[in-house]
Peer 1: 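The structure follows.
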Amino acid sequence: MALTESSLIERYFRSGGAQRPDVALGIGDDAAILSPPAGCELIVTTDTLVAGVHFLPAAPAAAVGHRALAVNLSDLAAMGARPAWALLALTLPEAREDWLAEFSAGLGALAREHRVALVGGDTTQGPLCITVQLIGFAPPGLALRRGGAQVGDVLFVSGSPGDAAAGLALEEQRLTVPDTARDYLRERFLLPSPRVALGERLRDYARACIDVSDGLLGDAGKLAHASGVAAEIAFEALPVSEELCAALGDERARFLALSGGDDYELCFAVAPVRVPELLAQLPPERWGYTRIGALVPGSGARVLRGGTVMEFSHSGYQHFS
Ligand code: ADP
Ligand code: MG
């Protein structure tokens, strides 16, 4: 690499994230020294993005930087944790300064938005691959888990799932949509907004929570499985954006809301007695979440339409035709 590793780190990563007083020693030494708040549990996660697998090699570098942190923020949000510190392991085929500048700007902006400090990492040469590790806090015993939902709990989802999958289809030119919807859907795919503030607030209300990254139906099924119950989702209740409906029509939009990936929304279960307070304290129209169903006896996740269980064929529903 023309640019030395240390000047690359200095230029693009040294001061990219938030400045935090609990970072006793950040980037520059052999390891970072961090001071967790007294009495908190550390909540820790990591996610890897491989070029060509998790993002398109030609994707805007700022969006790749944003995504590398966003996927980890979404995992901590699902745990109800407050994010604090990130590490970045970066494998690059070459040190392209234009790419690095955009990548670090995208990652840094999201880090500052959520008060995350970049405290270290590793930089190596090889096929483009990005791993972020994220560390956050929660009060002891209060982090949210997938397990814990009970029969009768109400199931909610944040945001409007399906948008990101449509945005990806646009990027890959598998879909054409009206101009009015295009920018919105592309942005929903390229720049996901992890629900960090909602996740933290849900510690007081949710009995179980998962982030929706692989499709709402599948991820609701994972929450149900971990809780030893089944999830029942009402097709009519699925929150779909105006833009997604404009692009696909109401019917296909709802199918995509169930199966599409990359949403980075939260799906959570709340005991019925806690629902009135949830709705009062975190007004759904302000916090952006919707009641979609309930937890019932049994296993798996199913969708009801007009009270009847819907059948899905695995041979594939044609979302984009
Ligand atoms: P060492 O060889 O001792 O591991 P490095 O040269 O890999 O040291 O890293 C020097 C410093 O820069 C360390 O503090 C490390 O955490 C940090 N660092 C390296 N790469 C990155 C990166 N991509 N992002 C953030 N910090 C990094
Ligand atoms: Mg190193």
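For ligands, and for the atoms within them, numbers begin at 1 and follow the listed sequence. The figures that follow rest on heavy atoms only: side chains count, while hydrogens, waters and symmetry mates do not.
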Peer 1: Which is it for D29 and ligand 1 at heavy atoms under 4.0 Å: side chain, backbone, both or neither?
Peer 2: backbone

Peer 1: Please determine if R67 forms a cation-pi arrangement with F189, meaning its NZ or CZ atom is less than 6.0 Å from the six-membered ring centre and no more than 45° off the ring axis.
Peer 2: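 Relative to the ring axis of F189, which defines the angle, R67 lies inside both limits.
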
Peer 1: Assess the side chains of S241 and D163: does a donor N or O sit below 3.5 Å from an acceptor N or O?
Peer 2: yes

Peer 1: Check each atom of ligand 1 against the heavy atoms of T123 and keep those under 4.0 Å away; list them by number with element.
Peer 2: 19 (C), 20 (N), 21 (C), 22 (C), 23 (N)

Peer 1: Would G28 count as being in polar contact with ligand 1, using the rule that some N or O on each side must be under 3.5 angstrom apart?
Peer 2: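 Yes, since at least one N or O of G28 sits under 3.5 Å from an N or O of ligand 1.
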
Peer 1: Going by the order shown, which atoms of ligand 1 are within less than 4.0 Å of some heavy atom of D30?
Peer 2: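 Reading through ligand 1 atom by atom, the close ones are 3 (O).
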
Peer 1: Are E251 and R305 ion-paired here, with the side-chain N under 4.0 Å from a carboxylate O?
Peer 2: yes

Peer 1: Determine, for E97 against R11, whether the closest basic-nitrogen to carboxylate-oxygen distance falls under 4.0 angstrom.
Peer 2: yes

Peer 1: Just checking Y12 against F103, ring centres under 6.0 Å apart?
Peer 2: no

Peer 1: Which atom pair, heavy atoms only, marks the closest approach of F137 to A84?
Peer 2: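 Of all heavy-atom pairs spanning F137 and A84, the closest is CZ-CB, 3.5 Å.
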
Peer 1: I need the atoms of ligand 1 closer than 4.0 Å to a non-hydrogen atom of L88, numbered in the order shown.
Peer 2: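 So the atoms of ligand 1 that pass are 22 (C), 23 (N), 24 (N).
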
Peer 1: Identify whether the distance between the nearest side-chain nitrogen and carboxylate oxygen of R188 and E265 falls below 4.0 Å.
Peer 2: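 Judged by the 4.0 Å cut-off on N to carboxylate O distance, R188 and E265 do form a salt bridge.
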
Peer 1: Run down the list L118, D122, V119 and name the one with the heavy atom closest to atom 7 (O) of ligand 1.
Peer 2: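 Nearest option to atom 7 (O) of ligand 1, by heavy atoms: D122.
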
Peer 1: Using a 4.0 Å heavy-atom cut-off, say whether I9 meets ligand 1 through its side chain, its backbone, both or neither.
Peer 2: side chain

Peer 1: I'd like to check which ligand 1 atoms, numbered from 1 as shown, lie under 4.0 Å from a non-hydrogen atom of E5.
Peer 2: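 Counting from 1, the qualifying ligand atoms are 5 (P), 6 (O), 7 (O).
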
Peer 1: So if I count the atoms of ligand 1 from 1 in the order they appear, which ones are less than 4.0 Å from some heavy atom of I27?
Peer 2: 12 (O), 14 (O), 17 (C), 25 (C), 26 (N)

Peer 1: Within the structure, does G121 bring an N/O atom to less than 3.5 angstrom of an N/O atom in ligand 1?
Peer 2: yes

